[in-house]
Each structure stands twice: as structure tokens, then as C-alpha cells.
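Some notes on the structure that comes next.
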Number of protein chains: 2
Amino acid sequence: MHNTRMHNRSDQPMESPVPKIDISQVPERQGSGYPSPFAEAASARIKQALGDAGGLTDFGVNLTRLPPGAWSSQRHWHTDEDEFLYVLSGKLSLVTDAGEQPLVAHDFAAFPKNRADGHHLVNRGTQMAVYLEIGSRHALDRCHYPDIDLHWDGAVGVYAHKDGTPYP
Amino acid sequence: MHNTRMHNRSDQPMESPVPKIDISQVPERQGSGYPSPFAEAASARIKQALGDAGGLTDFGVNLTRLPPGAWSSQRHWHTDEDEFLYVLSGKLSLVTDAGEQPLVAHDFAAFPKNRADGHHLVNRGTQMAVYLEIGSRHALDRCHYPDIDLHWDGAVGVYAHKDGTPYP
């Protein structure tokens, strides 16, 4: 939480931790933690962890910017974490087993945990795309990547091949 | 989930449950479940439960519209549920123990569980305000209302006076 100079009801200035957060003070994180060569596709994504900045622990809220050509992530699905996204601006292609769907501002999509249908977003447009993504948190979540030799098991805590061998 | 006619990668039309949801198909719910006379202030708010529509269970995501003069809720805080809000359009006043803060489009605020500082939003402007609100879910959550004689205990499941007597 950030301290912000504000006015109370009697209009006296006071210093107080307040729930509104200055978005410019939330650090930007670029790229993913995927091992090579899987990191490349998501290397241009930029996330700001708004929920963390606000002290939340039950779920994460990221404000994410995806430049033209970038992927949100490798296509994946979670065993124990719900995911939700809401598009703020730009155009995105949502890729699932069913194919591709266009998403524009005010479109949203939901990915219930343990639905075995990988998803990701690709910016095939010419402008920056911006969206909110919300995900619950589960220490023992596993994440499946149907297109590539990659697996995540929260109990282990490192990216691994599908046979369980950890990536370096 | 809704079935949507779409095209797969080989451009053949197919019927498939897909993660993108048609927002116009998500039911609107107006007003609150507060007992009289506390329901009046929030009687004009309109919510669409986007997360529920997408089959999510770990957290709720509501798209909420608040007309001029309306309150989001009675001022409250949760013992066991994190809350987050992100403003999409309009102007809102965020009221907490510290006083009032203006919120406009792209402002966000976070309310960690068990922080004993009641909050709500009031639309003091002249236009409809629209925001996303996200909240985790905990069956035994309790909700405190510092300004009024109201209490919620998830273990009981009805609104009560602060002394525990249920409202009719």
C-alpha cells in the first residue's frame, strides 16, 4: 500500500494508507519465467501486479500490455486455479482447442480450473492491447501446456519436461 | 457457458463451448439483499455476474453500473474475502475511514480481507459509472458495517442486528 496525501471529511490534510493505488507506482515486469526456447513468444508482455500492490492474497490481478506480435503466454490450462480476463483496449486473438476468437475492448473470457482446454492470447493487430487478468492462487496448482514439452507442478516449483525432468 | 457458432482452425463451422462470453446474455441483477431501510441506498445498482457466467468458483467478477446518486453498497469490510475494483467509466467517490477519494476510469482500489476499514462507492456525478469488482469467496466470511446496525455472518446466512438478532 502507498501513503497518499489526501483530505479527510473535515478537509484537514492527513497522511493515511488508502485503498486507491497510484498505478504509476506499481512496478512493471516484462517477459515470462519460461525456459528457453519457450520464453521468446511471451518476452514482450508487460505486467503490473495490481492486486499484489494492494495487499491482496486470495487472487492476483494483473494489468497486462501486449504489443503487436506478442503472446500472453504459452497455451496452457490450470488444474486448481480459475482465470478470468477482461479486455480494455486493442484487439486480441483468443486461441483454444476450438480455434481462434477475436476479443476487443469490453470482451471477457473465463477459464475454470481443471477444464482441459489450453488457452492463450495473441496480438495479431497493429496496436498495443491492454487487458486485466485475474487468477486465483493455489500452491499445489499444476499447469499443462498441450503444445510443447513443458509442465509446471506447484509442489515441485520448477518448470519441467513432460517426463518430469527439470529444465536447467 | 454459452455455445457460440465459431470457426475452427480449418475454417469449418463448429458448435463448441468457448471461453468468450456474450455479455448481453449475462443476467442483470438490480439492488441488494439488505433489509429495510438499508436496501434503499443501493437499490439502483445493477450487477452482471461475469465470473459466474464463465463457470468460475474461486472468485466472483461483477460488471457493475451505478447511476448518479446511487451507492455501491453500505460501507463494509470483510473478515475473509479480498476485494478489488477497477473503474471503467464515470466518476465515483470512494469512502473509507480516511475520508473520500475520487475514482475515475482506470483507477483501481484494493481491500484486503480483515482490514477493519469500511468502504463503499458513491456516484456523486451526473453520469452512469461502470466498474469491475472482484471478490474472493469464503463460506464463513463475516461482514462488518461500521455505520449502521447490520452484520453478516456466513455461518448463519442471514442479515442480523449487531446483537445477533436476525432481520425479518
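Sequence lines set the chain letters: A, B, ... in the order given, protein chains first and strands last, and positions in each chain run from 1.
In this structure, the portion of B/Leu132 lying under 4.5 Å from any heavy atom of chain A is its side chain and not its backbone. Heavy-atom distances place the side chain of B/Asp107, and not its backbone, under 4.5 Å from chain A. When heavy atoms are compared at a cutoff of 4.5 Å, B/Leu94 approaches chain A solely by way of its side chain, counted from C-beta outward.
Using a 4.5 Å cut-off on side-chain heavy atoms (C-beta onward), B/Ser36 and B/Tyr167 make no contact. By the 4.5 Å heavy-atom criterion applied to side chains, A/Asp117 and A/Arg75 are counted as neighbours. Looking only at side-chain heavy atoms (C-beta outward), A/His119 and A/His76 come within less than 4.5 Å of each other.
Of the listed residues (B/Leu88, B/Ile134, B/Leu85, B/Ile23), the one with the most heavy-atom contacts under 4.5 Å to chain A is B/Ile134. The most heavy-atom pairs under 4.5 Å with chain B, out of A/Leu50, A/Asp82, A/Thr57, come from A/Asp82.
No more than 12 heavy atoms of other residues, nucleotides or ligands shown are found within 6.0 angstrom of CZ on B/Arg142.
Here the shortest heavy-atom pairing between B/Asp80 and B/Ser136 reads O-OG, 4.3 Å.
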